[in-house]
Amino acid sequence: MNKKKEYPNSKIPVQNPYMGILFGLLLVLLLNGLLFPNIGKNRIIATDYISFIEKVDAGKVRDVIIKDNHIYFTADDDEGKTVAYKTGETNDPQLVDRLLKAQSPNESNKINFNRIVPQENSPILNFFLFWVLPGLIFYLIWKQTSKSIQSKIGAGGNFMSIGNSGAKIYAESDIKTTFADVAGQDEAKDTLREIVDFLHNPSKYTEVGASLPKGALLVGPPGTGKTLIARAVAGEAKVPFFAISGSEFVQMFVGMGAAKVRDLFKQANEKAPCIIFIDEIDAIGKRRDSGMGNDEREQTLNQLLTEMDGFDGRKGVVILAATNRPESLDKALLRPGRFDRRIQMELPDLEGRKAILAVHLKKVKHADIDMDVVARATAGSSGAELANIVNEAALRAVRMNRKAVTTSDLEESVETVLAGAQKKNAVLSDTEKRLVAYHEIGHALVAAMQTHSAPVHKITIIPRTSGALGYTMQVDSGEHYLMDKKELFNRIVTLTGGRSAEETVFETITTGASNDIEQATKLARAMVTRYGMSEKYDMMGLETVNNAYLGGDSSLTCSSDTASDIDKEVLNVIKEAHEKARHIITDHMDIMHKAAAFLIERETITGDEFMKIVKENEPCENHKS
Ligand code: ADP
Ligand code: MG
Ligand code: ZN
């Protein structure tokens, strides 16, 4: 389809004034018809003066009115019905005598005779009175009502539509979200506070001659609160908030994305100060040179660039945009004068997670919660996941017929969100159960026997809906920003611990280790290609990460020779780790058996219970306590 032809690019009138006038005229026509039904209708029979005189003499005339050089009169016709006539006025001096004579002496034959002194309106005045004035009145009424409907809806916190090119962009006013709803993200808030202040009080900035950045780009992984914080800015600044997502531009306004952008900015300019928020801007802001061209999208992007250049930054229109794929954005969008400010939204750290949990716990009834435990168990979770965890916990409390959420609800829902719900009716055979138990204890034991690895928090062999038959949860005691080579390697060793236990105890291997294998390989690979942790390649970068915020898939930047050599390096790392794990397990077989038996009996044991078994059997070992 040739979309270019359909572009209503040039001038879509936003509110056509002629529409109003036309509308007014139509109403006038209608009303004139209703109020003066005789206009244009021929119910008065024209007759000549002689017939008039005859009718007067015959005593048939009832009312006579002389007006505008015409004589209007009513007379009974042959059947006795009253009919209206008119005739031209002649200069007849005997007319009055005739009329008087006709009505005497019989009282029943009374003629009402009247002369209406002509009030000569000038035709211009007439035209004005009957046509222009009502038209104007209706136009004003029309304009007023449409305006008040808009502002009423707007003030109510609902929506008002802009433009008239069919689909709608909404401006919300009266947003209740504030910075208090966004936990953590203090750096982002600091930057945005300046924008809020500017929207409150633009003159403070213009007096100094400072103009604020026209646009700020919120960048970060999904679920870190980008959309939320943008709304909070509008809520804090108490200004209208035009929100649209990039994909809506592409989808809703097929063939008119560019026109829509123009509409949006026009409307925003009228409503300034206000905020325009374009969510998921990568949908329209992708680099223009990337792969297949897309006319539609490029037109929209070009229009956006033009509009951003065109408007006056001092007026109080601030553009916020959010994306989790900043690297794919067109460079033109990022240059100064457009989205020149970049606000990083990170996955929350320990304190951030506590704060987010607190914000969401405020919305549910809860008992005393050990926030620290929950926050530590959710390392790497986004704000959205934490919100979900709190909600799951509330649902669990309801299921258990309790009135308030407890810490254990939260802990259970952490597992539900991260590993899937418990699969109550999955029955494992005794052999399988034993296998799973040894596998998990294998992980836990290897972790416990190494320095530099996170303490075991919980071990369980209750199957989960995600497919996991059991798992070992390790929880770091503090926050971790750097990982050294030894830590990374130990982590791989721990991952191979499950399989190692199967091998040494049962002399068999199972499919249960597939997830461990995947993770171990990923880590080992990253060590070689990205972290410069192999002897052979030193600090050579061999891989780049494409979507840092979306799973982080990466592509090799080396020759194919090197690529196959990398595989060998990775294999060596994994083999070495596997070997180490096997050693740890064979050296501590008694702990393996005891802990596994305990786990099979209980199905879920805590890290402390596990460490107790370890210590009892290995009192002077250098394991972590
Ligand atoms: P994004 O747009 O970055 O993908 P959202 O703003 O849509 O993420 O966040 C989704 C939900 O996650 C929010 O509605 C909120 O409930 C929760 N959330 C995310 N980050 C935070 C935060 N910092 N504080 C409180 N809640 C948060
Ligand atoms: Mg979002
Ligand atoms: Zn495993």
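Note that ligands are numbered from 1 as they come in the structure, with each ligand's atoms numbered from 1 the same way. Sequence positions, counted from 1, serve as the residue numbers for this chain.
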Visitor: Using a 4.5 Å cut-off on heavy atoms from C-beta on, say whether the side chain of Val196 contacts that of Leu199.
Guide: no
Visitor: For atom 2 (O) of ligand 1, which protein heavy atom lies nearest, and how many Å away is it?
Guide: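 Atom 2 (O) of ligand 1 sits closest to the protein heavy atom Thr227 OG1, 2.7 Å.
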Visitor: Where is the tightest heavy-atom contact between Ala501 and Met592, given as atom of each residue plus distance?
Guide: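 The answer is CB-CE, 3.6 Å.
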Visitor: Give me the residue, atom name and distance of the protein heavy atom closest to atom 18 (N) of ligand 1.
Guide: Gly383 C, 3.7 Å
Visitor: In the protein, what heavy atom is nearest to atom 6 (O) of ligand 1, and what distance, to one decimal place, separates them?
Guide: Leu228 N, 2.9 Å
Visitor: Within less than 2.8 Å of the Zn ion (ligand 3), any N, O or S from Glu440?
Guide: no
Visitor: Quick one: do Asn324 and Glu280 satisfy side-chain contact (heavy atoms from CB on, under 4.5 Å)? Show the steps, please.
Guide: CA-CA 7 Å; Asn324 36 36; Glu280 317 288 350; 4.1 Å; yes
Visitor: Starting from atom 23 (N) of ligand 1, find the nearest protein heavy-atom neighbour and note its residue, name and distance.
Guide: Ala183 O, 2.8 Å
Visitor: Could you tell me if the side chain of Phe265 sits less than 4.5 Å from the side chain of Ile319, heavy atoms only?
Guide: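 The answer is yes, as the side chains (C-beta and beyond) meet within the 4.5 Å cut-off.
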Visitor: Nearest 0.5 Å please: distance from the CG atom of Leu488 over to the NZ atom of Lys486.
Guide: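 Here the interatomic distance stands at 12.5 Å.
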Visitor: Please confirm whether Asp181 approaches ligand 1 to less than 4.0 Å, judged on its heavy atoms.
Guide: yes
Visitor: So which N/O/S atom does Asp516 have closest to the Zn ion (ligand 3)?
Guide: OD2
Visitor: Could you tell me if the side chain of Leu350 sits less than 4.5 Å from the side chain of Arg376, heavy atoms only?
Guide: yes
Visitor: Can you check side-chain hydrogen bond (donor to acceptor under 3.5 Å, both in side chains) on Glu392 and Thr416, steps first, answer last?
Guide: CA-CA 8 Å; Glu392 283 291 333; Thr416 308; 5.3 Å; no
Visitor: In the protein, which heavy atom is nearest to atom 12 (O) of ligand 1, and how far is it?
Guide: Ala384 CA, 3.1 Å
Visitor: Under 4.5 Å between any side-chain heavy atoms of Phe277 and Val233, yes or no?
Guide: no
Visitor: Below 4.0 angstrom from a heavy atom of Pro222, which ligand 1 atoms are there? Numbered from 1 as shown, please.
Guide: 4 (O)
Visitor: Tell me how many protein N, O or S atoms are within a distance shorter than 2.8 Å of the Mg ion (ligand 2).
Guide: 1
Visitor: How long is the straight-line distance from CG of Leu320 back to OG1 of Thr227, given to the nearest 0.5 Å?
Guide: 11.0 Å
Visitor: Would you mind checking which non-hydrogen protein atom is closest to atom 4 (O) of ligand 1, with the distance to 0.1 Å?
Guide: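 The protein heavy atom lying closest is Gly223 N, 2.7 Å.
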Visitor: Can you tell me how far apart CZ (Phe339) and CG (Leu305) are? Round to the nearest 0.5 Å.
Guide: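 Phe339 atom CZ to Leu305 atom CG measures 9.0 Å (nearest 0.5 Å).
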Visitor: Can a side-chain donor-acceptor contact be found between Asp282 and Thr323 if the only test is distance below 3.5 angstrom?
Guide: yes
Visitor: Which value, rounded to 10°, describes the NE2(His439)-the Zn ion (ligand 3)-NE2(His443) angle?
Guide: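 Taking the Zn ion (ligand 3) as the apex, I get 100° for this pair.
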Visitor: Considering only the protein, which heavy-atom contact is closest to atom 8 (O) of ligand 1, and what is its distance?
Guide: Gly225 N, 3.3 Å
Visitor: Filter on ring-ring contact (aromatic ring centres under 6.0 Å, His included), then keep only pairs touching residues 354-391, sequence neighbours left out; what's left?
Guide: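 Output for this query is empty, none listed.
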Visitor: Does an N or O from Lys363, backbone or side chain, lie closer than 3.5 Å to an N or O of ligand 1?
Guide: no
Visitor: Looking at Val182, which atoms of ligand 1 are within less than 4.0 Å of one of its heavy atoms?
Guide: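 By the 4.0 Å cutoff, the relevant atoms are 23 (N), 24 (N).
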Visitor: Do any heavy atoms of Ala322 fall under 4.0 Å from ligand 1?
Guide: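 No.
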Visitor: Going by atom types alone, do Thr378 and Glu385 pair a side-chain donor with an acceptor below 3.5 Å?
Guide: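 Result is no, nothing qualifies.
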Visitor: Considering only heavy atoms, does Asn324 approach ligand 1 within less than 4.0 Å through its side chain, its backbone, both, or neither?
Guide: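 Under 4.0 Å from ligand 1, Asn324 contributes no heavy atoms.
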Visitor: Is a salt bridge present between Lys458 and Glu411, judged by a nitrogen-to-oxygen distance below 4.0 Å?
Guide: no
Visitor: Give me the nearest non-hydrogen protein atom to atom 26 (N) of ligand 1 as residue plus atom name, then the distance to 0.1 Å.
Guide: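 The answer is His360 NE2, 2.9 Å.
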